[in-house]
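See below for the structure under consideration.
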2 protein chains.
Amino acid sequence: MAKERDVCEVFYADKEKVKKVKTRMIGDKTAAGLAEIFKVLGDPTRVKILHVLSIEELCVCDISAILEMTESAISHQLRLLRNLKLVKFRREGRVVYYSLDDRHVTKLIKMGVEHERE
Amino acid sequence: MAKERDVCEVFYADKEKVKKVKTRMIGDKTAAGLAEIFKVLGDPTRVKILHVLSIEELCVCDISAILEMTESAISHQLRLLRNLKLVKFRREGRVVYYSLDDRHVTKLIKMGVEHERE
DNA sequence: TGAACTATTGAACAACAGCTCATATATTGA
DNA sequence: TCAATATATGAGCTGTTGTTCAATAGTTCA
């Protein structure tokens, strides 16, 4: 178990290797940040929302109709995407139009699609 | 609400737009598959595991020492990564060495890091 | 102003995810 | 064969997530 190993410091499978890799490892914050981005894309509904928005600017009502889900569910997800600055919005009368606000996300999704094809 | 709209089919904010985007939308399976990949990367522990494996082939014991987590926790995550064919392994006596088995994943993580920097 | 409409929000709830702990499996070497 | 070691696995617990439902906030127009 990890704790005992920390104490006696003798029986790593390869102590030098461990030391070396440990210095090159990404920090907790970086890992957490990375995971956060990917977590957003780790849900079918959000993937769909981002994908349809990559085609065209759309209002909540339209997205709801396209995905065949309640406006409430869509709105909840949009709030999340908004907070993470992945989408932006503009109000036009009663209607709120959403569109993508992050070039990286589209790239990531495209890469994902590529991965899927194999 | 979505249900009523399906019945009367009259008051989309933009019916034509909805129709058009709907035909171009990715299918449920594609969305689910995409989300599955990203979901795997959406956890700090797995991000770290994949990252250290991108540096070097390592055994469970080493990964456990590097991340300072129990071997059990690491093993559980490795099983997941194994099932999704993101890592491969080879046995050498009592020791099991893991390494990356998917070139896309490394790319995705690199893109994520790039995203982080801004 | 008030009715109709679009979108947002909060609470609640069920499903899920990641860890721990105990146990099991596999390999080695005495 | 048996003890020691390395990893894997299952059950259980806790915190998180995505949806629904009901209520609320903005906006338009009569």
Side-chain angles (χ1 to χ4, degrees), chain A residues 1-5 8 10-15 18 31-32 35-36 38-49 57-84 87-98, chain B residues 1-5 8 10-15 17-18 28 31-32 35-36 38-49 57-84 87-98:
Chain A
M1 299 131 228
K3 281 169 200 168
E4 290 157 41
R5 209 182 290 119
C8 65
V10 183
F11 48 118
Y12 294 112
D14 188 334
K15 205 182 169 189
V18 167
E36 199 184 26
F38 289 121
K39 195 178 281 177
V40 183
L41 302 176
D43 173 79
T45 302
R46 288 191 293 269
V47 166
K48 285 183 193 169
I49 292 177
E57 179 191 61
L58 292 164
C59 67
V60 178
C61 175
D62 283 344
I63 302 175
S64 150
I66 295 167
L67 303 200
E68 292 176 26
M69 293 178 63
T70 65
E71 281 151 33
S72 178
I74 300 295
S75 192
H76 276 294
Q77 297 295 6
L78 283 171
R79 172 166 53 167
L80 212 163
L81 298 173
R82 229 166 48 212
N83 290 342
L84 291 163
V87 301
K88 58 177 186 285
F89 63 98
R90 67 185 177 85
R91 180 151 221 146
E92 200 170 281
R94 276 171 289 206
V95 181
V96 178
Y97 287 98
Y98 282 85
Chain B
M1 301 133 227
K3 283 168 200 169
E4 288 157 43
R5 207 182 292 117
C8 64
V10 183
F11 48 116
Y12 295 110
D14 188 334
K15 205 183 169 188
K17 209 193 236 185
V18 167
D28 279 0
E36 198 184 27
F38 288 122
K39 195 178 280 174
V40 183
L41 302 176
D43 173 79
T45 302
R46 288 192 293 268
V47 166
K48 285 183 192 171
I49 292 177
E57 179 192 60
L58 292 164
C59 67
V60 179
C61 176
D62 283 346
I63 302 176
S64 150
I66 295 166
L67 302 201
E68 291 174 28
M69 293 179 65
T70 65
E71 283 150 31
S72 178
I74 301 296
S75 192
H76 275 295
Q77 298 294 5
L78 282 172
R79 174 168 50 167
L80 213 163
L81 298 173
R82 232 166 44 213
N83 290 340
L84 291 163
V87 301
K88 59 176 185 285
F89 64 100
R90 65 185 178 86
R91 180 152 223 145
E92 200 170 281
R94 275 171 290 208
V95 182
V96 178
Y97 288 97
Y98 282 86

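Quick note on labels: first sequence line is chain A, next is B, and so on, each numbered from 1. As the structure is a computational prediction, the values presented were derived from the model and not from experiment.
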(message) In whole Å, I'd like the distance from the CD1 atom of Ile74(A) to the P atom of dT8(C).
(response) 11 Å

(request) Find out whether Gln77(A) and Leu80(A) are in side-chain contact, i.e. whether some heavy atom of one side chain is under 4.5 Å from a heavy atom of the other. (result) yes

(request) Whole angstrom is fine here: how far is it from CG in Leu78(A) over to P in dT6(C)? (result) 16 Å

Output a table of nitrogen or oxygen pairs between the protein and nucleotides 9-11 of chain D separated by less than 3.5 Å.
from	atom 1	to	atom 2	distance (Å)
dT9(D)	OP2	Arg82(B)	NH2	3.2
dT9(D)	O4	Ser72(B)	OG	2.8
dG10(D)	OP2	Arg79(B)	NH1	3.4
dG10(D)	O6	His76(B)	NE2	2.8

(message) Tell me every residue that passes side chain to side chain contact (heavy atoms under 4.5 Å, CB included) with Lys39(B), counting only those two or more places apart in sequence or in another chain.
(response) none

(message) Distance check needed: dA17(C) C1' versus Glu36(B) CD, whole Å only.
(response) 14 Å

(request) Would you indicate what Phe89(A) reaches in the nucleic acid, counting non-hydrogen atoms under 4.0 angstrom: base, sugar-phosphate, or nothing? (result) nothing

(request) Mind listing the closest non-hydrogen atom pair of Asp62(B) and Val18(A) along with its distance? (result) OD1-CG2, 3.3 Å

(request) Using five base pairs at each end, measure the axis-to-axis angle across the helix from dT1(C)-dA30(D) to dA30(C)-dT1(D) and round it to 10 degrees. (result) 10°

(request) Would you mind reading off the distance between Phe38(B) atom CZ and dA17(C) atom P, rounded to a whole angstrom? (result) 17 Å

(message) For Glu57(A), give me all partners under salt bridge (Lys or Arg N to Asp or Glu O under 4.0 Å), at least two apart in sequence or on another chain.
(response) Arg90(A)

(request) Would you name the heavy atoms of Ser64(A) and Ile74(A) that are closest together and state the gap between them? (result) CA-CG1, 3.9 Å

(request) Would you mind reading off the distance between Leu80(B) atom CG and dC16(C) atom P, rounded to a whole angstrom? (result) 14 Å

(message) Taking side chain to side chain contact (heavy atoms under 4.5 Å, CB included) as the definition, give me every residue that meets it alongside Arg91(A), ordered by chain and number, with sequence neighbours left out.
(response) Val96(A)

(request) In whole angstrom, give the distance that lies between atom CD1 of Ile63(A) and atom P of dT6(C). (result) 15 Å

(request) Find the distance between NZ (Lys17(B)) and SG (Cys59(A)) and round it off to the nearest 0.5 Å. (result) 7.0 Å

(message) So if I define the base as every atom that isn't primed, P, OP1 or OP2, how would nucleotides 23-30 of chain D read as a B/S/- string at a heavy-atom cutoff under 4.0 Å?
(response) ---BBB--

(message) If you compare all heavy atoms of Ala35(A) against all heavy atoms of Pro44(B), which two are closest, and at what distance to 0.1 Å?
(response) CB-N, 3.5 Å

(request) Report the nucleotide, chosen from dA7(C), dG18(C), dT8(C), that has the shortest atom-to-atom distance to any side-chain atom of Gln77(B). (result) dG18(C)

(request) Ignoring backbone atoms, establish whether Tyr98(B) has a side-chain N or O less than 4.0 Å from OP1 or OP2 of dA6(D). (result) no

(message) Please determine whether side chain to side chain contact (heavy atoms under 4.5 Å, CB included) holds for the pair Ile66(B) and Lys48(B), giving the CA-CA distance in whole Å, both sets of side-chain angles, and the decisive distance to 0.1 Å.
(response) CA-CA 10 Å; Ile66(B) 295 166; Lys48(B) 285 183 192 171; over 6 Å; no

(message) Just the rounded figure in Å: distance from C1' of dT6(C) to CZ of Arg90(A).
(response) 15 Å

(request) Identify, with sequence neighbours excluded, every residue that meets side chain to side chain contact (heavy atoms under 4.5 Å, CB included) alongside Ser75(A). (result) none

(request) Please name the pair of heavy atoms, one in Val87(B) and one in Leu78(B), separated by the smallest distance, quoted to 0.1 Å. (result) CG2-O, 4.2 Å

(request) Measure from CD1 on Ile49(B) to P on dT7(D) and round the result to the nearest Å. (result) 13 Å

(request) Please list, by residue number, the residues of residues 40-48 of chain A whose heavy atoms come closer than 4.0 Å to an atom of DNA chain C; answer none if no residue qualifies. (result) none

(request) Go through the structure and list residues passing side chain to side chain contact (heavy atoms under 4.5 Å, CB included) with Arg79(A), not counting sequence neighbours. (result) His76(A), Arg82(A), Asn83(A)

